[in-house]
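Notes follow the structure.
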Amino acid sequence: EAGVAQSPRYKIIEKRQSVAFWCNPISGHATLYWYQQILGQGPKLLIQFQNNGVVDDSQLPKDRFSAERLKGVDSTLKIQPAKLEDSAVYLCASRYDSLVYEQYFGPGTRLTVT
Amino acid sequence: RKEVEQDPGPFNVPEGATVAFNCTYSNSASQSFFWYRQDCRKEPKLLMSVYSSGNEDGRFTAQLNRASQYISLLIRDSKLSDSATYLCADYCGSGTYKYIFGTGTRLKVLA
């Protein structure tokens with residue numbers, strides 16, 4: 001079974017530029033998460049989708065971050081404009097449904113903002 | 001108090017030793033917990049789930065202590081390949097459930 005796919009794997013941008021990340025969850029997984037992991041910290045939830053609807057975006061900095069999951073499959077996370085403190089690994093994870101607790105992570109996108 | 005707290009370590013142990021990490025949580029209503037392993041520059045991978053009293057998988061044992069609000073991970077007969085960061089996560093919420101991660105505990109197994 002194919003895992004969670006993410007691209008790009010690495011991205012370097014200058015502050016105030018924009019960037020977008022893509023995630024394709026495990027086939028059939030209804031729940032999709034975007035996390036931000038800053039070096040030395042655990043993953044922090046940014047947004048959770050159930051199919052193509054947003055369940056929780058309370059920790060998403062909405063003035064600069066946006067995310068969508070069209071058709072309930074793959075998802076994109078965008079940052080515009082980027083700040084230095086956005087340098088982190090952005091992890092996508094998926095889960096089968098609300099009755100199955102285990103989530104599976106993609107390889108992440110390592111973002112460096114200079 | 002942080003929702004999920006872990007000692008960042010590093011825990012340096014010789015090969016073959018037994019090592020244990022604790023993870024404290026603040027939400028007394030939490031029911032489900034997870035241990036993830038994260039290798040350097042890699043994504044977290046699910047190691048074990050802890051739903052009630054505990055779970056065991058080979059050399060790994062996870063325990064839940066509700067009275068003191070912590071979960072533990074015990075690794076017996078440590079291998080060099082066990083060197084990694086171990087993250088604990090609390091699956092909790094009111095209405096909408098989400099995973100709250102600790103900062104992780106770094107383990108180094110020495111030859």
Side-chain angles (χ1 to χ4, degrees), chain A residues 1-7 9-10 21 23-26 29-50 53-60 87-112, chain B residues 2-10 21-27 29-52 55 57 62 64 71 73 84-107:
Chain A
E1 180 181 81
V4 177
Q6 289 189 249
S7 67
R9 293 295 310 276
Y10 305 91
F21 313 129
C23 171
N24 193 313
I26 293 172
H29 281 200
T31 306
L32 185 148
Y33 305 88
W34 281 103
Y35 290 90
Q36 179 193 60
Q37 186 174 24
I38 292 172
L39 187 64
Q41 299 182 19
K44 171 190 156 188
L45 180 68
L46 293 175
I47 189 167
Q48 176 185 343
F49 292 94
Q50 181 72 20
V54 175
V55 175
D56 184 347
D57 63 357
S58 58
Q59 297 189 88
L60 187 73
S87 293
V89 176
Y90 290 85
L91 294 161
C92 179
S94 70
R95 201 174 97 194
Y96 181 65
D97 65 20
S98 59
L99 299 179
V100 178
Y101 295 141
E102 288 83 4
Q103 62 175 336
Y104 298 90
F105 286 87
T109 297
R110 186 172 298 272
L111 174 68
T112 302
Chain B
K2 288 183 180 178
E3 293 175 279
V4 178
E5 289 196 80
Q6 294 183 255
D7 181 341
F21 317 127
N22 285 343
C23 168
T24 60
Y25 61 93
S26 61
N27 188 342
S30 293
Q31 301 282 329
S32 305
F33 304 88
F34 301 88
W35 282 104
Y36 286 81
R37 171 196 169 122
Q38 187 169 31
D39 292 290
C40 186
R41 302 180 77 88
K42 298 285 189 181
E43 73 272 23
K45 290 191 186 296
L46 182 64
L47 183 64
M48 300 184 77
S49 55
V50 190
Y51 296 127
S52 55
N55 196 0
D57 183 5
L64 168 60
I71 61 170
L73 179 67
T85 295
Y86 291 84
L87 295 160
C88 73
D90 177 6
Y91 182 65
C92 60
S94 55
T96 302
Y97 278 64
K98 60 187 175 186
Y99 301 88
I100 307 294
F101 284 86
T103 56
T105 296
R106 192 170 167 204
L107 171 67

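A note on names: the letters A, B, ... follow the listed sequences, proteins ahead of strands, and every chain is numbered from 1. Excluded from the calculations below are hydrogen atoms, water molecules and symmetry mates; all remaining heavy atoms, backbone and side chain alike, are included.
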Problem - Passing option when F33(B) is tested against Y25(B), F101(B), Y91(B) for ring-ring contact (aromatic ring centres under 6.0 Å, His included) - result: Y25(B)
Which one wins on heavy-atom pair count under 4.5 Å against chain B: [options]?
options: Q41(A), R110(A), E102(A), Q103(A); value: Q103(A)
options: D56(A), T31(A), V4(A); value: D56(A)
options: A93(A), G40(A), G108(A), P107(A); value: P107(A)

Exercise for the section: For the pair F34(B) and Y51(B), name the ring-plane relationship: parallel under 30°, tilted 30 to 60°, perpendicular over 60°. Expected result: perpendicular
Practice task
Not counting sequence neighbours, which residues clear ring-ring contact (aromatic ring centres under 6.0 Å, His included) with Y33(A)? List them please.
Solution key: Y35(A), Y99(B)
Problem - Contacts of Y86(B) that satisfy ring-ring contact (aromatic ring centres under 6.0 Å, His included) - sequence neighbours left out - result: F21(B)
Exercise for the section: State whether the number of non-hydrogen atoms from other residues, nucleotides or ligands found under 6.0 Å of Q59(A) atom CD is greater than 12. Expected result: yes
Fill in the blank from the handout: When the 4.5 angstrom heavy-atom criterion is applied to Q6(B) and chain A, the contacting part is neither
Practice task
Let me know if R106(B) has heavy atoms under 4.5 Å from chain A in its side chain, its backbone, both or neither.
Solution key: neither
Given that the side chain runs from C-beta out, which part of [X] has a heavy atom under 4.5 Å from chain B: side chain, backbone, both or neither?
X: Q37(A); result: side chain
X: Q48(A); result: side chain
X: Q6(A); result: neither

Exercise for the section: Please check if the side chain of T105(B) supplies one atom and the backbone of G9(B) the other of a donor-acceptor pair under 3.5 Å. Expected result: no
